[in-house]
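Report on one structure; see the data block that follows.
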Amino acid sequence: MRKRKGYGPGRKYVLRLAALAPLLLLALLTVSPLLFLVSGSFSGKRELFEALSPIMQGGEAFAGWRLLPLYPTLRHLVEVLFDSPEFFQMFWNSAKLTVGVLAGQLLFATTSAWGLARYRFPGRRQLYLLYIVLMMMPFQVTMLSQYLVLNALGLYDSLWSIILPGTFSTFSVFLMFRFFEGIPESILEAARIDGAGEPGIFLRLGLPLGAPGIFSAMVLQFLECWSMIEQPVTFLKTKSLWPLSLYLPEIRLEQAGAALCASLLAVLPALLVFCIGQEYLEQGIMAAAVKE
């Protein structure tokens, strides 16, 4: 019998490169907005005006953009950091909203998910299905009911009008539920035999074993809260309460450099949190994709 000839090192390299080329192209297209954002943040004012004026002034021509600026400058960064008090005010508003929502979810979402996952009671499955239905509803569906409740509580046009609804997000409960449900019952029964109470089991076993689900939910909620637009537009009328996501769209062509630089500074916390929690985020996505 004739032996099959294997591929040589050179041909294997070519085949591997051919397989990776489409993936590299897609990756480049994905990160290209961020690359252009970095380039524009350090480009000169005249260079940005020449690049963006064809589209910003109502023309039909395409914008021209360079990957590397011809004359790099830190002027826009200095302008945003030292001459834009509104940027810092809205930055801290975003931080307050995000921290408030995440703190509330750590308190309520974890306990709700643990109760649904580990205890059997009448209507449990129906309640879980209700959580899924509410999770699938867009904000526009619940906007009116949220407005009526917040207005009746006197929380309209305050940061609490964003924090309070975000605290009871159903997606975090759904994601944590998957991890809490996967904890072996034998471990919990052993703890009960040793005399541990239900609060102790939750704090000493449930939270550590369900940490990947909790962290993945917190990462996703951070990314959502940091960039939310619809809720602040609806419930916040006082400009001093606006988050950073509402500050950026107001900047015009003559402030394009500051706008790009502010956008870069605004996206850095999200990138940092995503990089830190990427492993937990992948685990959470895989757990959410598992069907019952």
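If you read the sequence from its start, that first residue is 1, and numbering goes on from there.
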Answer yes or no: is there a donor N or O on one side and an acceptor on the other, between the side chain of Thr98 and the main chain of Ala95, under 3.5 Å?
no

Looking only at non-hydrogen atoms, find the nearest pair between Phe180 and Gly210 and report the distance.
CE2-CA, 3.8 Å

Nearest heavy-atom pair of Leu244 and Ala266: which atoms, and what distance?
CD2-CB, 3.3 Å

Is there a donor-acceptor pair closer than 3.5 Å between any side-chain N or O of Arg124 and the backbone N or O of Leu116?
yes

Could you work out, with side-chain contact (heavy atoms from CB on, under 4.5 Å) as the rule, every residue matching Ala103, not counting sequence neighbours?
none

Report all side-chain donor-acceptor pairs from residues 18-25 shorter than 3.5 Å, counting only partners two or more places apart or in another chain.
none

What is the ring orientation for Phe222 with Trp226, classed by angle as parallel under 30°, tilted 30 to 60°, or perpendicular over 60°?
parallel

Minimum heavy-atom distance Pro165-Trp160, with the two atoms named:
CD-O, 3.9 Å

Is Phe235 close to Asp157 at the side-chain level, that is, under 4.5 Å between some pair of heavy atoms?
no

With sequence neighbours left out, the residues meeting side-chain contact (heavy atoms from CB on, under 4.5 Å) with Leu164 are Leu150, Leu153, Leu155, Phe168

Results of salt bridge (charged side-chain N to carboxylate O under 4.0 Å, His left out) for Glu230 - residues two or more places apart only
none

Please identify each residue that fulfils side chain to side chain donor-acceptor pair (under 3.5 Å) with Tyr71, with sequence neighbours left out.
none

Contacts of Ser186 meeting side-chain contact (heavy atoms from CB on, under 4.5 Å) (sequence neighbours excluded), chain-then-number -> Pro184

Side chains of Tyr131 and Phe174: closer than 4.5 Å at any heavy-atom pair?
no

Can you sort out the partners of Gln146 under side chain to side chain donor-acceptor pair (under 3.5 Å), two or more places apart, ordered by chain and number?
Thr142

Run the side chain to side chain donor-acceptor pair (under 3.5 Å) test against Asn151 and tell me which residues pass, sequence neighbours left out.
none

If a pair satisfies salt bridge (Lys or Arg N to Asp or Glu O under 4.0 Å) and one of its residues is in residues 21-30, list it, with sequence neighbours excluded.
none

Met176 vs Trp114, test: side chain to side chain contact (heavy atoms under 4.5 Å, CB included). Steps then yes/no.
CA-CA 8 Å; Met176 296 178 191; Trp114 178 259; over 6 Å; no

Could you check if a side-chain atom of Met90 sits within less than 4.5 angstrom of a side-chain atom of Leu246, using non-hydrogen atoms only?
no

Can you run down the salt bridge (Lys or Arg N to Asp or Glu O under 4.0 Å) pairs that involve residues 91-120, sequence neighbours left out, and say none if there aren't any?
Arg118-Glu185

Looking at every non-hydrogen atom in both residues, tell me the closest pair between Leu81 and Phe88 and how far apart they are.
O-CE1, 2.9 Å

With Glu189, which residues qualify under salt bridge (charged side-chain N to carboxylate O under 4.0 Å, His left out), at least two apart?
Arg192

Give a yes or no answer on whether the side chain of Ser172 reaches the backbone of Ser169 with a donor-acceptor pair at less than 3.5 Å.
no

Using the side-chain contact (heavy atoms from CB on, under 4.5 Å) criterion, which residues pair with Leu106? Sequence neighbours excluded.
Ile214, Met218

Please walk me through it: do Ile132 and Tyr128 pass side chain to side chain contact (heavy atoms under 4.5 Å, CB included)?
CA-CA 6 Å; Ile132 296 178; Tyr128 179 66; 3.6 Å; yes

Might you point out which heavy atoms bring Thr73 and Arg75 nearest each other, and give the distance in Å?
OG1-N, 3.1 Å

Tell me, do Cys261 and Glu79 make a side-chain contact under 4.5 Å, heavy atoms counted?
no

Minimum heavy-atom distance Ala262-Val80, with the two atoms named:
N-CG2, 4.2 Å

